[in-house]
Protein chains: 2
Amino acid sequence: MLESKESPLVSPLISEKSTIYAYILNDIANAVFHSGDRLISTKLAEKYQTSINPVREALKQLQGEGFVTVEPNSGARVALFEYNTLRDVFEILQLLEPYLMTWFVEEHTDEDRLEMGRLLNEMETATDKEYRSLDTQFHWLTVKNHYNQKAVDLWRRNRLILLAMQSNVRLNTSRIKQSIEEHKRIICGLENRDVKVVLDIMNEHIGNSGKYWTKYLLSNKMR
Amino acid sequence: MLESKESPLVSPLISEKSTIYAYILNDIANAVFHSGDRLISTKLAEKYQTSINPVREALKQLQGEGFVTVEPNSGARVALFEYNTLRDVFEILQLLEPYLMTWFVEEHTDEDRLEMGRLLNEMETATDKEYRSLDTQFHWLTVKNHYNQKAVDLWRRNRLILLAMQSNVRLNTSRIKQSIEEHKRIICGLENRDVKVVLDIMNEHIGNSGKYWTKYLLSNKMR
DNA sequence: TTTTTAAAGATTACACATTATTTTAATGCA
DNA sequence: TGCATTAAAATAATGTGTAATCTTTAAAAA
């Protein structure tokens, strides 16, 4: 009944904790609720041991953020995550990354870079589930302190959609290897504070990731 | 009591009509409710002749969209629109415009361009309030049909924030003149389907607009 | 003037009534 | 028997009233 209360939240992308909102979002991001699933308020109220209204309010907030769709008189559903969604999300991230990253290249601290190195180390021996979490932490580190928190929030939301779409899919080993290499080069570029180099790598990095998932979805005929 | 029900909605950026959500958003965009104003659910329920829960749900949705902030146990407020907000919004629009516009340059119809010309004509003789609406319609035309509706929605939301910040401010005549000239050049570039030219103008157009409002806010010590 | 106390006002959550929708079962027809 | 249409029951969404809790405001005392 309350299993999702005990499962860890997708830190650090979900900042609010211990709210119905956070629980539902967490369950969407971890694909406990799948794309298109009905989100029935009475059921959710029972699951999270509360009444209907708080659930409805959480769903409305999630609707505003784009994770949930609501049809009048017909209730809420997890937003449809399809091939087009993936394309849209990747294209938005491809706009945001260079914008956010430029600031980071110039303003990041040595401490930041050390932390990134630590995450990179863990990646070498991580399972694919752990890898995904480390990858998220790595990139979160590079965006979270940007002065434009509206843009950061946008990044965060789109990233959560990616997580939702990817969470019941196993990464293949060669893609992980490739991705780790790209991360290494990013840290390298950061050390030299070379904006152009870092942006080039980032662009390639997102592009490769996009290609990988696009191919994956297509081969699974997910429309 | 019900005055805002009769006032026209900020078409076309507010698609849902006749809902509490739309009424509140409209009143924010038209600065009936100002930045930082408390949004007291009982008062709003009375104003829109409904009960508290529908209002709370509308506010939650608006919170998810970034128009409203909610402090637990302390209620909702119109989001703070300050100098930094303007900067953030303009920078996001500056990312989105070229992305959305590139598609439009290549895919727009002659009909679209005619409609833009018509709007431009009206601008010549418009009051500043009318001008703002026409300007919104002009740019909405160039983004609304893009395949990435997530990005379109983003654009729409940021544009609404601009409207909210600008709606109790009079535009000066020389800025309107300049702006009309820029619109003319955009149409010209569209006719030749020249992406580079249009993007250059657009960038200049947004930049000028940003400079104007930045200067305005600074000189009015709006932080 | 500052602190304490009391009152008013709002937020939150819950139970319930109404309305709409979805699902299930029943009926008629090929 | 199989299929489509219709009718009925179950389910869920929406909106209202209300009680409890927390905040804010105002007044009184130190």
Side-chain angles (χ1 to χ4, degrees), chain A residues 1-2 4-5 9 14-28 32-80, chain B residues 1-6 9 14-28 32-80:
Chain A
M1 188 69 72
L2 280 164
S4 66
K5 280 210 178 184
L9 293 179
I14 302 179
S15 45
E16 281 182 70
K17 316 273 181 186
S18 312
T19 60
I20 302 161
Y21 161 84
Y23 292 136
I24 298 175
L25 178 53
N26 188 62
D27 282 347
I28 292 174
V32 176
F33 304 139
H34 300 86
S35 164
D37 279 0
R38 284 196 69 182
L39 295 169
I40 294 164
S41 37
T42 50
K43 299 270 174 65
L44 292 171
E46 200 182 342
K47 174 170 181 176
Y48 301 117
Q49 297 197 317
T50 178
S51 64
I52 295 171
N53 282 19
V55 171
R56 286 180 58 81
E57 283 166 23
L59 290 175
K60 275 286 171 185
Q61 188 179 345
L62 290 165
Q63 178 191 8
E65 293 179 351
F67 297 109
V68 160
T69 55
V70 175
E71 191 80 19
N73 285 321
S74 179
R77 289 174 180 278
V78 178
L80 284 178
Chain B
M1 188 71 72
L2 281 165
E3 68 269 31
S4 66
K5 280 210 178 181
E6 285 124 37
L9 294 179
I14 302 179
S15 44
E16 280 183 71
K17 316 271 178 186
S18 313
T19 61
I20 302 161
Y21 162 83
Y23 292 136
I24 298 176
L25 178 52
N26 188 61
D27 283 346
I28 291 174
V32 175
F33 304 138
H34 299 88
S35 164
D37 279 359
R38 284 196 69 181
L39 295 169
I40 294 164
S41 39
T42 51
K43 299 269 173 65
L44 292 171
E46 200 183 341
K47 174 170 181 175
Y48 300 116
Q49 296 196 318
T50 179
S51 62
I52 295 171
N53 274 7
V55 171
R56 284 177 62 81
E57 283 167 24
L59 290 175
K60 275 287 171 185
Q61 189 179 345
L62 290 165
Q63 178 191 8
E65 294 179 352
F67 297 109
V68 160
T69 55
V70 175
E71 189 81 18
N73 285 320
S74 180
R77 289 172 179 279
V78 178
L80 285 177

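Letters A, B, ... mirror the listed sequences (proteins, then strands); counts begin at 1.
A:Ile52 has its CD1 atom 10 Å from the P atom of D:dA12, to the nearest Å. Counting to the nearest Å, the C1' atom of C:dA15 and the CZ atom of A:Arg56 are 15 Å from each other. For B:Glu46 and C:dG9, the CD to C1' distance is 14 Å, given to the nearest whole Å. Here the C1' atom of nucleotide C:dT11 and the CD1 atom of B:Ile40 are 11 Å apart, to the nearest Å. Distance, B:Leu59 CG to C:dT11 C1': 12 Å, rounded to whole Å. Going from atom NZ of B:Lys43 over to atom C1' of C:dT11 covers 13 Å, rounded to whole Å. Atom CD1 of A:Ile20 and atom C1' of C:dC14 are 12 Å apart (whole Å). Atom-to-atom, OH of B:Tyr48 to P of D:dG15 comes out at 15 Å; the value is rounded to the nearest Å.
With rounding to the nearest 0.5 angstrom, the CZ atom of B:Phe33 is 14.5 Å from the CZ atom of B:Phe67. Separating the CG atom in B:Leu80 from the NE2 atom in B:His34 is a distance of 13.5 Å, to the nearest 0.5 Å. The CD1 atom of B:Ile14 sits 11.0 Å away from the OH atom of B:Tyr23 when rounded to the nearest 0.5 Å. Distance CD/B:Gln49 to CG/B:Leu44: 13.0 Å, rounded to 0.5 Å.
The A:Arg38 side chain lies nearest to C:dT22 when the options are C:dT22, C:dT11, D:dG15. Each of C:dT22, C:dC14, C:dA10 was ranked by its minimum atom distance to the side chain of A:Thr50; first place goes to C:dC14. The A:Ser51 side chain lies nearest to C:dC14 when the options are C:dT11, C:dC14, D:dA13.
Within residues 71-79 of chain A, the residues that have a heavy atom under 4.0 Å from DNA chain C are, in order of number, A:Asn73, A:Ser74.
Test B:Asn26, B:Ile28, B:Asp27 against B:Ile24 for side chain to side chain contact (heavy atoms under 4.5 Å, CB included) and you get one pass: B:Ile28. Each of B:Gln63, B:Arg56, B:Lys60 was evaluated against A:Glu57; a single residue qualifies, B:Arg56, per the side-chain hydrogen bond (donor to acceptor under 3.5 Å, both in side chains) test.
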Would you check, one step at a time, whether the test side-chain contact (heavy atoms from CB on, under 4.5 Å) holds for B:Leu62 with B:Leu25?
CA-CA 8 Å; B:Leu62 290 165; B:Leu25 178 52; 3.9 Å; yes
